[in-house]
Amino acid sequence: MSRLTVCAPLAIEARAIRRGLARADQAGTDQVQVIRAGYGPVRAAATGAAVARSGTEALAVCGVGGGLTAELRTGDLVVATQVSDGTTTVSCPSAPLLAGELRRAGLRVVTGPIVTVDKLVRHNHAALAAGGAIAVDMESAPLLARAGVLPAVVVRAISDTPEHRLLSPSIVTGGVAALRSLKNAAPALTRWAAATGSRQVLLAGPRSFCAGVERAIEIVELALERYEPPVYVRKQIVHNVTVVGDLERRGAVFVDELDEVPDDAVVVFSAHGVSPEVRREAARRGLRTVDATCPLVAKVHAEARRFAADGYLVALIGHAGHEEVEGTMGEAPAAMTLVQTAADVAKLRPADPGKVAYLMQTTLASDEAGQIAGAITERFPAATGPGSDDICYATTNRQRSVQAVARESDLVLVAGSANSSNSLRLVETAQRAGTPAYLVDSAAEIELGWLAGVSTIGLTAGASAPPAIVSQIVTALSGLGAVETKDVVVTTESVQFGLPKELRH
Ligand code: SF4
C-alpha cells in the first residue's frame with residue numbers, strides 16, 4: 001500500500017510528476033504511486049472509487065488546468081482550497097500548507113476554489129469566475145468525492161488563461177510551462193504526504209490579543225470613523241502584518257516618522273509609545289494626535305521620568321532598536337542606559353552607586369530579564385526596581401501558557417510577526433523548555449518538514465497576533481488528518497483599558 005497516491009488525468013501529466021519525483025532524491029518518494037486517472041469526470045469518479053478501495057493514506061490530484069482570472073499566467077500553480085462540480089463540493093483545508101511549501105521552492109502559486117466541468121472551457125471563463133472559482137478542470141471534484149475521507153490536495157498547473165485561450169496557438173507554450181511546473185511541484189507532494197496523520201493540538205491560554213493591542217486597534221478604527229481616511233499612524237500600530245494590512249486597506253497610512261505626515265493630518269502614536277521629542281515635534285507642526293500608547297508602557301515612561309528627576313542612573317533592560325525602548329529612553333536620555341545582557345551591567349557608570357534604578361521593556365522573557373536585574377542588584381546592592389513588575393501581565397501569562405503546552409508537545413507553533421518582541425520571546429520560552437518552536441505569520445509559513453512524525457503540537461499566538469490566525473492554522477492542520485484540540489489554560493484575563501479622551505465621545 002502506498003502512503004500517497006497521485007492521480008494525473010493524462011499520461012503526459014503523470015510522466016511530468018514521475019520525472020519530478022525521480023529528480024527529487026528525497027526520503028518517502030518510494031511510498032508514492034502516480035496513476036493515470038483518465039480524462040473527464042466519469043473516468044475520474046471511477047478512479048476515485050478505486051483510490052478509496054486501495055487504502056492509500058493520502059491523495060493528490062495533479063494536472064494541467066485552465067486559469068479563470070486575469071492574475072493567473074501560464075505555468076502558475078493553483079492549489080485548491082475547495083473543488084466543486086456544482087453538485088458536490090469538497091474542501092481541501094491543507095492548501096495553505098502545500099502552497100507555502102511550493103512558494104518556498106520558488107514556484108508561483110495561488111490558492112483558491114477550482115471548478116470541475118464536463119466540457120472543455122473555451123469561452124465561458126467569466127461565467128465560471130463569477131461563481132468564485134479561479135481555475136477550472138474536468139476531474140478533481142468527482143475524484144475527491146468518490147475517494148472518501150482522507151487527506152487530499154489538488155494542484156493544477158495553468159496551461160491556458162482568459163488571454164491565452166485553449167485551442168489557440170499559444171496553448172503549446174502554455175502546456176509546456178504547465179508541465180514544467182507540475183514536474184517542479186512533485187517533490188513537495190512527498191513532503192506533504194509525510195506530514196499527514198492525525199494529531200492533537202494543545203491551545204495555550206491565554207494567547208493572542210492583549211488589552212493594549214485591542215485598544216490600539218480600536219483607536220485606529222475609531223479615528224478612521226471620526227476623521228475619515230487617511231489617518232496616519234507613526235510606526236506599525238502593533239507589530240503584526242495581518243493587523244497592519246487590514247488597517248491599511250481601510251485607510252490607515254503607516255509612516256516611520258512625522259516628516260512623512262502632511263500638515264493638518266491626524267496622526268496616531270502606536271501602542272509602543274513615543275519619546276517626548278516626537279510629541280513636541282507633532283505639537284510644533286500643529287498635527288492632530290491620538291495616543292494609542294499602551295497604558296502599561298506609559299507607566300514605564302512615568303517611572304523613567306520619576307527616577308531621572310530624583311537623580312538616579314536608570315538602566316533600561318531591553319532590546320536596542322525596539323520602538324518601545326526608543327520611546328522610553330527618550331524620556332530621560334541623559335540619565336538612562338540601555339542594558340541588553342548581564343554583561344552590559346559592567347558598563348554602568350553611575351555618579352552615585354547608591355542611586356541606580358532599573359526598568360524593563362514590557363515584552364521581555366521574565367527569566368532573562370530577572371537574571372539581568374539580578375546582575376544589577378549584585379553590582380549595586382542599593383539598586384531599586386519598578387514599583388510593580390514592568391513585564392506586563394499579557395507577556396507573563398503568554399509565556400506561562402506556552403511553557404505549559406511546550407512540556408507536552410513535540411512541536412510548538414507561535415503565531416506572530418518577526419518584529420513582534422513578545423512573540424519572539426514565546427518561541428524562545430518554548431525552546432528553553434526543550435521543544436522545537438517556530439514563529440509563523442500564517443499557516444502558509446509552516447514548513448511541512450516540521451510536521452513529519454509530530455503527533456502533538458502546542459499552538460499559541462503573540463499579544464499582537466489576531467486570534468483568527470490560530471483558527472486558520474488549526475483548520476490547515478485538519479487537512480492533514482483528524483485534529484483533536486485541547487485548551488491548556490493557565491489563567492484567564494479580564495484587563496481592559498479606556499480610550500484616549502479624543503475618542504471617548
Ligand atoms: S503586550 Fe503588554 S505592554 Fe504591550 S500592548 Fe499588550 S498589554 Fe500593553
Side-chain angles (χ1 to χ4, degrees), residues 204-222 233-244 247 254 268-275 290-304 316-319 321-331 359-366 368-370 385-403 414-429 439 460-467 469-470 490-500 503:
R207 61 179 179 275
S208 194
F209 284 171
C210 60
V213 164
E214 280 179 348
R215 173 180 181 269
I217 295 170
E218 189 183 359
I219 285 172
V220 179
E221 290 171 340
L222 287 173
V233 184
R234 185 184 175 278
K235 309 286 187 189
Q236 292 191 349
I237 184 71
V238 299
H239 286 156
N240 186 268
V241 292
T242 306
V243 171
V244 167
L247 292 171
F254 292 88
V268 179
F269 296 144
S270 81
H272 307 103
V274 293
S275 69
V290 184
D291 191 358
T293 303
C294 175
L296 299 183
V297 174
K299 175 182 92 86
V300 183
H301 282 227
E303 288 165 343
L316 178 64
I317 304 171
H319 295 292
H322 192 278
E323 284 143 36
E324 181 187 324
V325 166
E326 287 172 358
T328 310
M329 294 286 289
E331 288 290 352
L359 300 173
M360 294 173 186
Q361 185 181 336
T362 57
T363 49
L364 297 181
S366 319
E368 269 190 327
S388 61
D389 210 350
D390 283 336
I391 296 177
C392 80
Y393 79 97
T395 300
T396 308
N397 290 344
R398 278 150 193 72
Q399 286 172 16
R400 282 180 55 214
S401 67
V402 80
Q403 246 169 3
V414 178
S417 290
N419 60 344
S420 163
S421 171
N422 80 84
S423 303
L424 289 166
R425 302 295 83 78
L426 293 179
V427 173
E428 292 165 2
T429 303
L439 183 72
T460 187
S464 48
I469 310 247
V470 171
V490 297
T491 186
T492 53
E493 294 174 343
S494 56
V495 177
Q496 285 185 322
F497 298 126
L499 290 168
L503 297 174

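Quick caveat: nothing in here was measured; it's all calculated off a predicted structure. Values below: every heavy atom of this structure, side chains too, minus hydrogens, waters and symmetry copies. In this chain, numbering begins with 1 at the start of the sequence shown. First listed ligand is number 1; within each ligand, the first listed atom is number 1.
Close approach of ligand 1 to Tyr393 (heavy-atom distance below 4.0 Å) involves ligand atoms 7 (S).
Each protein N, O or S atom less than 2.8 Å from atom 6 (Fe) of ligand 1 was counted, giving 1.
Nearest approach of Thr460 to Pro206, heavy atoms of both residues: OG1-O, 4.4 Å. The two atoms that bring Thr395 and Thr362 nearest to each other are OG1-O, 3.1 Å, heavy atoms only.
Residues that satisfy the salt bridge (Lys or Arg N to Asp or Glu O under 4.0 Å) test with Lys235, not counting sequence neighbours, are Glu257.
Using a 4.0 Å cut-off between charged side-chain N and carboxylate O, Arg234 and Glu323 make no salt bridge. Between Arg425 and Glu428, at least one side-chain N (NZ, or NE/NH1/NH2) sits under 4.0 Å from a carboxylate O, which counts as a salt bridge.
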- Applying side chain to side chain contact (heavy atoms under 4.5 Å, CB included), run through Val238 and Phe209 and close with a yes or a no. CA-CA 10 Å; Val238 299; Phe209 284 171; 5.8 Å; no
